[in-house]
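One structure is given below, encoded as structure tokens.
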Number of protein chains: 2
Amino acid sequence: MNVTGHTRRPASIRDVATAAGVSYQTVSRVINGHPSVRPSTRERVLAAIDELGFRRNATALALASGRSRAVTVLTANTTHYGYASILQGIEEAARAASYAVGIGVLESAEDAAVAAEVQRAADAGGGLIVIAYDPAGVRALGAVPAGLPVVGVVETPASPPAGGSPWVWADDREAAYQATRHLLALGHETVHYVAIPSSTRRTSARTSGWRQALKEAGAPEPRPVQGSWGPAGGHAAGLKLARDPSVSAILCGNDDLALGVLRALHEVGRPVPGEVSVAGFDDAPHAAFLTPSLTTVRLDFTGLGRAAFGLLHGVLEESAPVAPHPVSVPELVVRESSGPPPADR
Amino acid sequence: MNVTGHTRRPASIRDVATAAGVSYQTVSRVINGHPSVRPSTRERVLAAIDELGFRRNATALALASGRSRAVTVLTANTTHYGYASILQGIEEAARAASYAVGIGVLESAEDAAVAAEVQRAADAGGGLIVIAYDPAGVRALGAVPAGLPVVGVVETPASPPAGGSPWVWADDREAAYQATRHLLALGHETVHYVAIPSSTRRTSARTSGWRQALKEAGAPEPRPVQGSWGPAGGHAAGLKLARDPSVSAILCGNDDLALGVLRALHEVGRPVPGEVSVAGFDDAPHAAFLTPSLTTVRLDFTGLGRAAFGLLHGVLEESAPVAPHPVSVPELVVRESSGPPPADR
DNA sequence: GCGCCTTGTGTGACCGGTCACATTCATGCG
DNA sequence: CGCATGAATGTGACCGGTCACACAAGGCGC
């Protein structure tokens, strides 16, 4: 134990060596569990380590060995439920593997800004995880220089990608499909869609799951409405849809959008689920407690984060090969906000 | 520009030196803007840097200079709005100052686990920001070894701390005071309080602001109800309070708790604000879109995060001294969930 | 013309580890 | 009994920067 309270330079490997009467290399061997160290010597070194309160300097380790045991997460936002949960999952898995987690926020989706952030992340050393649900993230994933270990957390790819592609996803295509089918099964003629930013591209997974369900049911395919990420965007989109009397079912790209839509319907005086059914996406903690409580599709974001780290971890160290594409199964959670369409139509 | 696509070892300062025909030290001088370098030399070095795509290795910089330009944020959670916003604010300010941001989650409040996390954070080098709104955070702040630069994001201290104390806070005591006064001014006999975890201690800032407002008004002081952080905790607490017919006003420790309380009141059939008024705390994005929309007190968490970083930045570099205790002024936002008590009592 | 200060540049050591190789000594085997 | 082999340990260089200092050249005062 370090009894002298002075804030002095922490003990280095050589300090330990002197204290134990061995060379610094022997100390290094003990630290790294090298087999050929005499037990008595190991004992002495460990005692010295304990006495001096030695901790291996992560910076020096990274510099000398090249391995940095660090991950940087690139994300457009830290406050939205899905993103924050993925981050939390990554951190959890990283902590278990004693990796450090860094974070970089993509404040702008503009190319130069994104490139700068990617550079900064690369400078930090170690691996990279990019949350690529939105334009900024997608762009960042594309801007990663070759050779830098990276895992992307992405929407369901349109076609099954080549094995070993460094991507992880929840099956949000399937989730959108399920939610849409649920609403159609209740008797709605069609389902309108309020999209999260990236999902307006024709290739978006959520959009295409929704579209497929409509097509299979022979339902007309309305234009997706562009939302933002938050409730405000949902509110704006909701007001637009609420004015159209033919709208009886709305699927939202996430639960925050759904919240805004619910509010808009309330303001316009269209009861949910009496006149209009609403379904969300993600099953955020508040979904169950809204009035009406929100029908939604649960996605395991934390697990997704853990999987992303696991994949990266496998790339960084040639350890146990991780399952190629860990996919969590989405789960439809039916609550109060969805029901049959009004009878009089 | 690096045209050869080979993923080879990035250029070092000595590679640049050779390319420019100078010594590595001169390159170092150019990088660091040292004045005594002949313009023509500087020119040549800069050209070489550009050509080789040289970027200064952050790890080596940290090892050699001791300064690491990094901050680690210790927090109990990344998904709650307040925490996530503080983190976002920190990241924003850190990015502007080209600091790297690391994150450590305090999964358990148990002493050993907290100590381990603090150690890990210390190993990362650089400064530390601890979000200390909850037991885990408070404990972590206490466990930081002396000599390690640290800033705590805390609740309003009970008494004005000594100048230069490394803390930052939003005035949540004042915020709770304001919200409580607002409810009392509407005519409620008293205001019940659903507390976030840390706030059950008598010293908690939010609790004491609430208590002071009650005392000044001569209102009876009910026992605070213990909530958790999320809506589920608010729901449980709300059910308890809803059964008590004397309850007509409820202040919640955050907006998620308030959401749960609203739901509980709805389930029990007590209209808001007709029979019961509810106020939240934080003004999270969803507060405005709930039905009824939520009266709450806005706190500038992002600004708080920025201030925390600013303070730490000032400690790490002897640069511009930062304002001692940046306090953001809370702002009461009155919405639909609060109104006068029912007339018949 | 000599010393002295300033400007511009180079050299060597160092930060705290790892890695490749050298060295010592005990052991096994032909 | 001599030598190859392996275990246990030590030495020097290196990762990519910074820091302290040495040193040469040019300008200035006297």
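Proteins come first, then strands; the chains are lettered A, B, ... in the order of their sequence lines, and each starts at number 1. Values reported hereafter were calculated over all heavy atoms of this structure, with side chains retained and with hydrogens, waters and symmetry mates removed.
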Is there a donor-acceptor pair closer than 3.5 Å between any side-chain N or O of A:S68 and the backbone N or O of A:G126?
yes
No-hydrogen, no-angle side-chain donor-acceptor test under 3.5 Å, A:N77 and A:Y133:
no
How long is the straight-line distance from NE2 of A:H80 back to OH of B:Y81, given to the nearest 0.5 Å?
10.5 Å
Checking side-chain polar atoms at under 3.5 Å, does A:T79 have a donor or acceptor matched by the opposite partner on B:Q88?
no
Could you run down nucleotides 18-27 of chain C 5' to 3' and tag each one B, S or - for protein heavy-atom contact under 4.0 Å?
BBB-------
Counting distance only, does the side-chain N/O of A:D50 pair as donor-acceptor with the main-chain N or O of A:L46 below 3.5 Å?
no
Return the value, rounded to whole Å, for the distance between atom CZ of B:R38 and atom P of D:dA25.
12 Å
Classify B:R55 by what it touches in the nucleic acid, base, sugar-phosphate, or nothing, heavy-atom distance under 4.0 Å.
sugar-phosphate
In whole angstroms, how far is the C1' atom of D:dT9 from the NE2 atom of A:H34?
10 Å
In whole angstrom, what separates A:L63's CG from D:dC14's C1'?
9 Å
Provide, to the nearest angstrom, the distance between the CZ atom belonging to B:R9 and the P atom belonging to D:dC14.
12 Å
Per B:S36 side chain, nearest of listed nucleotides D:dT9, D:dG16, C:dT7
C:dT7
Select base, sugar-phosphate, or nothing to describe what A:T59 touches, counting heavy atoms under 4.0 Å on all strands.
nothing
Can you tell me the distance, in whole Å, between the CZ atom of A:R42 and the P atom of D:dA7?
14 Å
Round to a whole Å and report the spacing from CG of B:L52 to C1' of D:dG16.
15 Å
For the pair made of CG in A:N57 and C1' in C:dC14, what is the distance, rounded to whole Å?
14 Å
Are A:L74 and A:I129 close enough that some pair of their side-chain heavy atoms sits under 4.5 Å apart?
no
